[in-house]
Amino acid sequence: MKKTRLYTSFFCVLFVGLTSAFNNLTSSIFEETLSPLFGDSNLVRSPDDRSVRLLLDRYTGSGFISSNMYQHGFFSAMVKLPADYPAGVVVAFYTSNGDVFEKTHDELDFEFLGNIKGKPWRFQTNLYGNGSTWRGREERYRLWFDPSKEFHRYSILWTSHKIIFWVDDVPIREVVRSEAMGGEYPQKPMALYATIWDASDWATSGGKFKANYKYAPFVADFKSFSLHGCAVDPIQQLPGSDSDPDCADSDDLLRSSDFSTITPHQRSAMRRFRQHYMYYSYCYDSVRYPEPLPECVIDPAERDRFRETGRLTSRGGR
Ligand SMILES: *[C@@H]1O[C@H](CO)[C@@H](O)[C@H](O)[C@H]1NC(C)=O
Ligand SMILES: *[C@@H]1O[C@H](CO)[C@@H](O)[C@H](O)[C@H]1NC(C)=O
């Protein structure tokens, strides 16, 4: 009871009535599309192979990866995060090609950053293109629900034209590709990853709160995987690129899908989410970027809100 009070019920009603583009998603079984990545002993597949549990204990975390890489795609799963005391524990759901392009990798992230008992989980989204790791594009948020109580859907849409991060039916972040981004817009085939690991040194309040293994194992549950896109064979096709003609049709299909269309109703939900739950955006961090990066769409009200507090004082946030 006490815990639910953290998630102000007033805000929950902000998001009702959104039509769901996600009801009809076909979900795949683990074996068809995914493979264990590390910590095999801590990766537990359900008997029907439709869900997987990732554990972190004092010996290892765990993770899985898609068997294919995709040139653009829609990547989605229902996730339930660890409860109790997840300080220092990071659960990441992301696309990357860092294993193939070490110096010029692309990446799109959801990273859940743990928290101390009784405080809500925080999370960030980020993107890198062509190895731009020196230039973070983080945004940080809270959620309007307790992500350790129930499953919620987290989705990443990536087309040649834009990127959208979704939480359930709410588009929380949209990045429209701009010419000026150049290679920093992700362009090479990526795989989907999901991992749980100990990031005690930075995740929670900049490393102030470490993972406490008295509460181990930490458990993240994943189910209802949905991966759509142009699957490319990492060996034969790479280095692929945006201009790969074989994938153009698939990109067109993605671009016309419900997942890349933000309805007016969803757009106002996005605005409300960002007003109430976003507590950091690189677009308003004038110490880091005196000029906002080219894809930033500056909202004057947001800029005022972040005037004093828009700085990320450490990787762990405030
Ligand atoms: C889901 O599928 C049903 C039956 O195919 C269709 O009538 C409905 O419009 C679809 N809903 C969405 C949101 O796409
Ligand atoms: C990516 O970076 C490499 C190495 O710095 C560079 O040669 C290449 O042109 C860049 N690609 C794009 C699309 O900007």
Side-chain angles (χ1 to χ4, degrees), residues 37 63 65-76 92-111 124-139 155-166 171 173-195 227-257 259-260 262 281-298 312 315:
L37 178 65
I65 182 173
S66 61
S67 311
N68 285 309
M69 297 181 84
Y70 297 85
Q71 180 60 20
H72 303 132
F74 176 76
F75 310 92
S76 182
F93 182 71
Y94 64 107
T95 62
S96 174
N97 48 32
D99 293 332
V100 181
F101 302 100
E102 276 178 35
K103 297 255 160 61
T104 59
H105 92 289
D106 306 288
E107 187 174 320
L108 296 170
D109 298 309
F110 272 106
E111 283 182 301
Q124 68 178 18
T125 59
N126 201 353
L127 79 112
Y128 299 110
N130 207 28
S132 63
T133 48
W134 40 279
R135 187 177 262 190
R137 290 178 150 92
E138 299 95 338
E139 287 187 349
S155 311
I156 301 171
L157 170 89
W158 168 48
T159 72
S160 61
H161 180 63
K162 65 167 132 178
I163 292 155
I164 303 176
F165 293 90
W166 294 86
R173 177 177 185 180
E174 180 186 36
V175 180
V176 177
R177 184 176 186 171
S178 85
E179 190 99 16
M181 283 179 86
E184 293 183 23
Y185 188 89
Q187 289 166 50
K188 300 185 293 298
M190 292 192 276
L192 174 70
Y193 292 73
T195 56
L227 285 74
H228 297 277
C230 184
V232 297
D233 180 329
I235 309 300
Q236 295 214 321
Q237 294 245 350
L238 294 177
S241 81
D242 246 7
S243 49
D244 185 336
D246 293 342
C247 287
D249 288 350
S250 154
D251 187 51
D252 285 347
L253 206 64
L254 276 176
R255 286 179 60 177
S256 60
S257 72
F259 320 121
S260 53
I262 299 180
S281 168
Y282 71 110
C283 288
Y284 301 104
D285 189 339
S286 56
V287 174
R288 231 167 139 198
Y289 303 116
E291 282 295 313
L293 297 186
E295 70 282 5
C296 287
V297 179
I298 300 299
L312 201 58
R315 270 196 90 186

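Order of appearance sets the numbers: ligands from 1, and atoms from 1 within every ligand.
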Atom 2 (O) of ligand 2: the protein heavy-atom neighbour that sits closest, reported with distance to 0.1 Å
Asn130 ND2, 2.4 Å
Decide if the gap between the ring center of Phe75 and the ring center of Phe93 is smaller than 6.0 angstrom.
no
If we ignore angles and hydrogens, is there a donor and acceptor under 3.5 Å between the side chains of Thr125 and Arg173?
yes
Can you find an N or O of Thr104 that's nearer than 3.5 Å to an N or O of ligand 2?
no
Heavy-atom contacts with Gly183 under 4.0 Å: which atoms of ligand 2 show up? List them by number with element.
12 (C), 13 (C), 14 (O)
Assess the pair Tyr94 and Phe110: is the distance between their ring centroids shorter than 6.0 Å?
no
So, are Arg137 and Glu107 salt-bridged, with charged N and O less than 4.0 Å apart?
no
Atom 11 (N) of ligand 2: any protein heavy atom closer than 4.0 Å
yes
Can you check atom 14 (O) of ligand 2: any protein non-hydrogen atom closer than 4.0 Å?
yes
Answer yes if the side chains of His72 and Asp251 hold a donor-acceptor pair under 3.5 Å, and no otherwise.
yes
